[in-house]
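Not measured: the values here are computed from a predicted model.
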2 protein chains.
Amino acid sequence: MGVLADTIIQGDCIEELKKLPAKSVDLVFADPPYNLQLGGDLLRPDNSKVDAVDDHWDQFESFAAYDKFTREWLGECHRVLKDDGALWVIGSYHNIFRVGSALQDLGFWLLNDIVWRKTNPMPNFKGTRFTNAHETLIWAAKGRGSRRYTFNYDAMKMANDDVQMRSDWTFPLCTGEERLKDENGAKAHPTQKPEALLHRVILASTKPGDIILDPFFGTGTTGAAAKRLGRRYIGLEQDEKYVALARERISKIIPIAPGDLQVTGSKKAEPRVPFGQVLEAGLLSPGDALYCPKGERMARVRADGSLVVGELSGSIHKVGAMVQSAPACNGWTYWHFKSDKGLAPIDVLRAKIRSAMPSA
Amino acid sequence: MGVLADTIIQGDCIEELKKLPAKSVDLVFADPPYNLQLGGDLLRPDNSKVDAVDDHWDQFESFAAYDKFTREWLGECHRVLKDDGALWVIGSYHNIFRVGSALQDLGFWLLNDIVWRKTNPMPNFKGTRFTNAHETLIWAAKGRGSRRYTFNYDAMKMANDDVQMRSDWTFPLCTGEERLKDENGAKAHPTQKPEALLHRVILASTKPGDIILDPFFGTGTTGAAAKRLGRRYIGLEQDEKYVALARERISKIIPIAPGDLQVTGSKKAEPRVPFGQVLEAGLLSPGDALYCPKGERMARVRADGSLVVGELSGSIHKVGAMVQSAPACNGWTYWHFKSDKGLAPIDVLRAKIRSAMPSA
DNA sequence: TGTACTAATGAATCTGGAT
DNA sequence: TATCCAGATTCATTAGTAC
């Protein structure tokens with residue numbers, strides 16, 4: 001094989017990459033610095049301070065400096081990959097466009113971009129943008145000609161209730177028990193990824209026994225998932241504290257018996273449909289009238305999905321409660337629209353939208 | 001205004017962009033071609049075919065050509081945008097990384113990347129990759145300093161059942177009735193976007209009357225949504241067949257009545273009421289006592305609208321922050337007065353004054 | 001032992017108008 | 001352009017504490 005596996009190498013990512021033999025690893029998974037360009041402190045509405053990622057390793061002088069760094073480590077990864085190997089990188093809008101362009105320029109062949117939808121992202125506290133609720137992964141083969149990359153299509157389909165796995169994946173953040181803590185009980189690493197994410201990546205794109213290289217190993221999520229799934233790993237990490245934490249963490253992992261690589265089925269909840277989507281879908285229009293069940297009260301719909309009754313305005317639920325002087329109200333069943341057959345609850349419009357939604 | 005609106009200009013995108021005056025449009029929405037390495041043939045942006053597609057140099061050359069094209073039209077959009085303007089681009093993994101990098105290099109300031117999750121994507125027929133079930137939009141302000149881009153935060157929150165709108169949006173593809181057909185009943189345009197997507201983009205990031213420029217107008221989805229929502233549009237399109245289709249399509253759109261265009265406004269936009277005005281209106285008197293939410297702390301009101309607590313004095317906000325040792329405080333919600341029904345925030349007094357004000 | 005409430009927190013490019 | 005300051009702003013989840 002020529003390359004030692006199941007090891008963590010402490011040192012500079014690019015220097016250590018250069019020491020690895022060419023065409024020796026099956027998969028690269030990389031979680032590089034995102035080059036966040038943060039302003040000052042950020043306070044929550046309760047005045048508590050957000051614990052920002054302000055580590056020195058995330059600071060770059062310019063896009064040019066970040067690009068140079070990116071092309072260096074990606075270039076070495078290209079060299080180190082077997083011809084039928086592949087690579088994953090995760091990032092956010094701050095860096096993923098630089099990374100994606102670099103991959104294309106270096107001859108990698110993009111297979112998919114994957115969206116990790118976070119179930120519990122941090123909100124946008126100041127109300128200035130959309131909640132940044134996802135990160136992006138890029139999956140790329142070594143080159144255009146390399147059609148022989150590994151993709152366990154059936155395992156993915158099986159894991160997704162027998163329909164093809166899509167390019168949007170939904171996982172919670174890494175919190176609670178899973179999140180490694182330091183001696184003070186604070187998070188040990190600022191950007192630890194959930195093992196479930198790595199589980200899916202590895203299950204999708206490697207075979208048992210494959211060698212997975214992670215050049216930004218951190219506290220070793222890639223190694224933990226690899227060992228659990230019967231794959232081998234090589235981790236590069238600069239910070240000796242993280243190396244020690246990763247070693248201890250991975251030592252406790254008990255690999256799954258080869259026959260037991262079972263995947264938890266995804267629970268289907270009824271997808272939430274905001275009322276605004278009924279307007280966006282054109283099932284109602286701004287200015288349309290809605291009525292209470294008996295038809296005597298009327299409200300008018302606005303373009304953002306709010307209702308107006310006289311001086312009152314707000315969500316379908318809030319306005320429904322107010323006109324009845326009730327503490328609460330289910331607007332979906334209270335408000336009715338005029339159809340051919342008389343008044344019908346707007347809930348039937350929601351049902352229409354749901355019937356067109358993906359099962360995942 | 002200096003720029004003609006509600007028009008479609010037939011011609012080359014970049015040439016026609018150059019004719020538009022600087023700082024004249026509020027928003028750009030662009031759906032540029034991503035005919036990059038699709039299928040067997042590799043096409044340059046000018047539709048000339050790249051010969052030796054396996055040749056790495058040619059591959060690079062095609063990226064370079066695409067980048068050049070991208071930077072040209074984006075550069076012109078930057079010039080044409082008002083300083084408080086913003087831009088949206090939609091793309092897939094084939095081109096979005098090139099576009100995102102170009103935006104950053106040209107000085108645009110990225111605000112969000114948005115994922116359009118398709119409810120009904122085309123499956124991956126060969127089972128070789130994940131179902132490509134999303135496209136990516138980038139939302140960017142003209143520059144880092146330009147904080148005054150339009151974001152109708154409250155309207156978005158309202159449209160999403162009173163929780164912040166996230167960066168992942170779910171819409172079906174444009175099919176059925178909405179999809180324009182040619183004389184043979186085939187789809188008239190290969191990549192027609194759903195109007196619901198444009199509805200959300202426009203509602204989120206423009207005001208009524210704003211001018212929206214779409215340099216790749218196609219069959220005019222941007223114009224249709226803009227007209228419906230009481231915004232103005234400028235469309236650039238090379239293909240006269242598309243121009244004709246778009247004109248006919250948009251002519252049939254009935255704009256929403258201006259009164260129905262109003263959406264939930266932000267509190268920031270409400271008229272400022274100095275606390276002293278509450279005293280001038282006689283709703284409180286000098287010497288009255290105000291209390292913190294739980295009632296244990298007390299402050300006294302002075303005739304000029306300042307508060308006094310022991311040795312401390314200052315504005316309602318400053319004193320509120322000081323007594324809590326907090327970095328900041330909204331005095332309107334922190335301080336309470338004694339009413340018949342117990343403690344009530346002084347914000348209700350502000351509301352009384354606002355409701356008596358002329359509706360501007 | 002359960003239930004109810006409070007506190008903490010996560011890769012975040014996070015205010016804006018007047019002077 | 002820099003400074004000042006009014007005042008607007010959060011969702012899902014876990015862990016801990018009180019009753």
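The distance from atom CG of A:L173 to atom C1' of D:dT13 is 9 Å, rounded to the nearest whole Å. One atom, CD of A:E135, and another, C1' of C:dG10, lie 11 Å apart when rounded to the nearest Å. One interatomic measurement links the two molecules: CZ of B:R144 to P of C:dT15, which rounds to 12 Å at whole-angstrom precision. C:dA11 atom P lies 17 Å from atom CG of B:N112, rounded to whole Å. Here D:dC11 presents its P atom at 19 Å from NE2 of A:H134, a figure rounded to the nearest Å. Taking atom NZ on A:K118 and atom C1' on C:dA12, their separation rounds to 10 Å, with Å as the unit. The separation between B:K268 atom NZ and D:dA6 atom P is 17 Å, rounded to whole Å. One can place CG of B:N330 at 13 Å from C1' of C:dT15, the figure rounded to the nearest angstrom.
Between A:F60 and A:Y66, the ring planes lie perpendicular to each other; the angle is over 60°, past the 30° to 60° tilted range.
Regarding contacts with the backbone of D:dC4, every side-chain N or O of B:K318 stays at 4.0 angstrom or more from both OP1 and OP2. For D:dA8, the OP1/OP2 oxygens have a side-chain nitrogen or oxygen of B:R350 closer than 4.0 Å. Contact between the side-chain N/O atoms of A:T175 and the OP1/OP2 oxygens of D:dT14 is not found at any separation under 4.0 Å. An OP1 or OP2 oxygen of D:dT9 is reached within less than 4.0 angstrom by no side-chain nitrogen or oxygen of A:N124. A sub-4.0 Å separation between OP1 or OP2 of D:dT10 and a side-chain N or O of B:Y153 is present. For A:Y93 and C:dT13, the shortest distance from a side-chain N or O to OP1 or OP2 is below 4.0 Å. In this structure, B:H317 reaches the D:dG7 phosphate: one of its side-chain N or O atoms is under 4.0 Å from OP1 or OP2.
When the nearest nucleotides of DNA chain D are assigned to B:G331 and A:M122 by heavy-atom distance, the more 5′-ward of the two goes with B:G331. Two residues, A:E177 and A:F125, neighbour DNA chain D, and the one matched to the more 5' nucleotide by heavy-atom proximity is A:F125.
Among the protein residues, B:T333 comes within range of no part of the nucleic acid, since none of its heavy atoms lies under 4.0 Å from any strand. Using a 4.0 Å heavy-atom cutoff across all strands shown, A:P121 reaches at least one base atom of the nucleic acid. As judged by a 4.0 angstrom heavy-atom cut-off over every strand, B:D113 is placed among residues making no nucleic acid contact. Using a 4.0 Å heavy-atom criterion, one finds that B:L110 contacts the bases of the nucleic acid, with or without backbone contacts as well.
A gap of 30 Å separates the P atoms of D:dC5 and C:dT13, to the nearest Å. Across the C1' atoms, C:dC14 and D:dG7 are found 15 Å apart, a figure rounded to whole Å. With P as the reference atom, C:dA11 and D:dT14 are 14 Å apart, rounded to whole Å. Between C:dA8 and D:dT10, the distance separating the two C1' atoms is 13 Å to the nearest Å.
Side chains of A:T70 and A:R98: no donor on one and acceptor on the other come within 3.5 Å. Using a 3.5 Å distance cut-off with no hydrogens or angles, the side chains of B:Q164 and A:T131 do pair a donor with an acceptor. Side-chain contact, A:H134 with A:D168: no donor N or O sits under 3.5 Å from an acceptor N or O.
For B:E296, the CD atom sits in a packed shell: over 12 heavy atoms of surrounding residues, nucleotides or ligands are nearer than 6.0 Å. The environment of NZ in A:K318 is sparse: at most 12 heavy-atom neighbours from other residues, nucleotides or ligands sit within 6.0 Å. Dense packing is recorded around NZ of A:K181, with more than 12 heavy atoms of other residues, nucleotides or ligands lying under 6.0 Å away.
Checked against a 6.0 Å centroid threshold, the rings of A:W88 and A:W139 count as neighbours. The aromatic ring centroids of B:W109 and B:Y149 lie 6.0 Å or more from each other.
When each of C:dA11, C:dT13, D:dG7 is scored by its nearest atom to the side-chain atoms of A:H94, the top-ranked nucleotide is C:dT13. Residue B:Q104 places its side chain closer to C:dT13 than to any other of C:dT15, D:dC11, C:dT13. Set against D:dA8, C:dA11, D:dA6, the side chain of A:L36 has C:dA11 as its closest nucleotide. Distances were taken from every side-chain heavy atom of A:D58 (C-beta onward) to each of D:dT10, C:dA11, D:dA8; the shortest belongs to C:dA11.
With a 6.0 Å cutoff to the six-membered ring centre and a 45° limit on the axis angle, A:R200 counts as a cation-pi contact of A:W169.
An anti orientation is assigned to C:dT15, its glycosidic angle lying beyond 90° of 0.
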Q: Evaluate the side chain to side chain donor-acceptor pair (under 3.5 Å) criterion for residues A:T175 and A:R179: first the C-alpha distance (whole Å), next the side-chain angles of each, then the deciding distance (0.1 Å), finally the verdict.
A: CA-CA 5 Å; A:T175 60; A:R179 188 86 190 212; over 6 Å; no
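Scanning all heavy atoms of the two residues, the minimum distance from B:I353 to B:V273 falls at CG2-CG1, 4.2 Å. The minimum heavy-atom distance between B:I316 and B:W335, with the atom names listed, is O-NE1, 2.9 Å.
Non-hydrogen atoms lying under 4.0 Å from DNA chain D are contributed by A:P45, all within residues 37-52 of chain A. Across residues 180-197 of chain A, A:K187, A:P190, A:T191, A:K193 each have a non-hydrogen atom less than 4.0 Å from an atom of DNA chain C (numbered order).
Checked for salt-bridge contact, B:K157 and A:D304 miss the test: no charged N lies under 4.0 Å from a carboxylate O. Under a 4.0 Å N-O distance rule, the pair A:D182/A:K187 does not qualify as a salt bridge.
Every stem involving DNA chain C, taken as at least 3 paired positions in a row under the Watson-Crick or G-U wobble test at 3.5 Å, is listed here: C:2-10 with D:11-19, C:15-19 with D:2-6.
The base of C:dT13 is paired with the side chain of A:R129 by a donor and an acceptor separated by under 3.5 Å.
In this structure, B:W109 packs face-to-face on the six-membered ring of C:dT13, meeting both the 5.5 Å centre cutoff and the 30° plane limit.
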